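Here is the structure we will look at, set down as structure tokens.
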Amino acid sequence: MAKIYSKEKLASSKMLPKKETIQLILSYSAAFNVVKVGKLNFEFVAN
Amino acid sequence: MANNQLPDGILVQQYVSGNEQALSHLIERHQSRIYGFIYSKLNDRDLCDDIFQDTFIKVIKNLKTKSYNEEGKFLPWVIRIAHNLIVDHYRKNKKMPMTRETETYSIFEFIKDNSSTIEGQMITEQVEEDLKRLIEELPNDQKEVLVMRMYEDLSFKEISEQTGVSINTALGRMRYALMNLRKLIEKNQIVLTN
């Protein structure tokens with residue numbers, strides 16, 4: 001039987017960020033708020 | 001229509017209206033292309049994750065402050081933010097992205113090595129060797145003047161002082177030395193080019 005000399009792919013060909021990165025973005029989004037007072041925007045991150 | 005089938009514009013509107021889930025769908029839909037774009041410029045997974053994260057923090061800020069105008073170009077907009085962050089990163093580190101050679105672009109078109117090649121050095125050595133051999137065939141008085149002038153870099157005044165002849169005689173000997181050299185080159189059919 002013929003041998004297969006090609007190496008097994010170590011990494012997925014699809015480039016994706018880490019799950020923790022996505023989680024951090026979503027958490028930041030949930031915590032981030034903007035309050036508009038007149039012409040001013042106040043940004044705050046709720047804990 | 002399921003959320004994952006909605007166009008980007010609708011998801012952006014939903015997110016701006018307070019639907020946090022819409023952002024999750026947008027990230028899921030475009031993460032591969034955005035992350036792939038960043039990785040193509042940085043080649044470092046950890047750094048890519050940092051830039052990816054910073055890109056979406058900017059996206060979130062812009063969307064929540066309503067400074068983004070939806071024109072059906074969500075992905076190009078995010079990619080542009082990522083690109084600007086990559087440029088900032090390189091500026092901060094004062095280094096340029098690595099350039100790979102392609103069929104249409106070669107770095108060696110812009111950078112040239114002017115030092116002689118091994119072949120060039122061998123030709124030069126050969127020419128010098130041939131010339132020395134020819135000089136040896138010249139009459140002694142002519143050879144003496146030519147060697148002093150060309151190899152020792154003496155002036156004709158210095159040559160005349162050292163050989164005890166007048167400057168005009170030294171000049172004449174040099175002239176005859178060159179004429180005889182030419183004749184020897186022609187006679188021996190030697191090519192003295194580098």
Side-chain angles (χ1 to χ4, degrees), chain A, chain B residues 3-4 11-68 74-75 78-79 81-83 85-86 89:
Chain A
M1 198 176 142
K3 284 181 181 174
I4 298 168
Y5 289 100
S6 56
K7 279 185 183 171
E8 198 180 327
K9 268 190 173 178
L10 292 174
S12 156
S13 58
K14 217 174 180 189
M15 300 294 293
L16 293 173
K18 288 179 198 154
K19 279 181 183 166
E20 302 92 86
T21 307
I22 304 285
Q23 201 49 52
L24 195 139
I25 293 166
L26 294 175
S27 303
Y28 176 82
S29 170
F32 182 78
N33 273 301
V34 177
V35 176
K36 204 170 180 179
V37 180
K39 284 182 182 177
L40 296 171
N41 278 330
F42 291 96
E43 299 173 1
F44 61 93
V45 180
N47 251 330
Chain B
N3 263 346
N4 56 7
L11 286 172
V12 168
Q13 275 176 19
Q14 287 184 355
Y15 176 67
V16 171
S17 309
N19 180 2
E20 291 290 329
Q21 197 63 32
L23 180 71
S24 176
H25 288 300
L26 282 168
I27 292 174
E28 201 177 318
R29 184 177 292 171
H30 298 301
Q31 59 177 344
S32 175
R33 288 189 66 183
I34 297 165
Y35 194 80
F37 169 78
I38 299 168
Y39 188 76
S40 73
K41 308 285 178 199
L42 295 169
N43 288 324
D44 179 329
R45 294 297 287 253
D46 291 332
L47 198 54
C48 281
D49 276 280
D50 287 350
I51 299 281
F52 185 88
Q53 186 182 299
D54 291 348
T55 302
F56 272 93
I57 284 174
K58 277 193 178 253
V59 167
I60 291 163
K61 280 188 176 177
N62 277 306
L63 291 179
K64 289 209 171 179
T65 52
K66 299 188 173 55
S67 45
Y68 167 71
F74 177 74
L75 181 62
V78 180
I79 296 250
I81 292 174
H83 177 262
L85 287 170
I86 293 163
H89 163 76

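The structure presented is a predicted model; accordingly, all values stated were derived computationally and were not measured.
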Which is it for B/Tyr35 and A/Lys18 under the side chain to side chain contact (heavy atoms under 4.5 Å, CB included) test, yes or no, and what are the steps along the way?
CA-CA 10 Å; B/Tyr35 194 80; A/Lys18 288 179 198 154; 5.9 Å; no
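- Taking the ring pair (Phe, Tyr, Trp, His ring centres under 6.0 Å) definition, one finds that B/Phe37 meets it with nothing, sequence neighbours left out.
- For the residue pair A/Ala30 and B/Glu20, the shortest heavy atom distance occurs at N-OE1, 3.5 Å.
- Under the rule for a ring pair (Phe, Tyr, Trp, His ring centres under 6.0 Å), the partners of B/His30 that lie at least two apart in sequence or sit in another chain are B/Phe74.
- Two residues are said to be in side-chain contact when any heavy atoms from C-beta on lie closer than 4.5 Å; B/Val59 and A/Ile25 fail this criterion.
- Between atom CD1 of residue B/Ile60 and atom CG of residue A/Leu26 there is a gap of 7.5 Å, rounded to the nearest 0.5 Å.
- If you take CG on A/Leu16 and CD on B/Gln31, they are separated by 4.5 Å, rounding to the nearest 0.5 Å.
- Atom NZ of B/Lys61 is separated from atom OH of A/Tyr28 by 4.0 Å, given to the nearest 0.5 angstrom.
- Heavy-atom distances place both the backbone and the side chain of B/Phe52 under 4.5 Å from chain A.
- Separation of atoms OG1 (B/Thr65) and CG (A/Asn33) is listed at 12.0 Å; rounding is to 0.5 Å.
- When B/Lys64, B/Glu28, B/Lys66 are compared by the number of non-hydrogen pairs under 4.5 Å with chain A, B/Lys64 comes out ahead.
- Taking CD1 from B/Ile27 and OG from A/Ser29, the interatomic distance works out to 7.5 Å, rounded to the nearest 0.5 Å.
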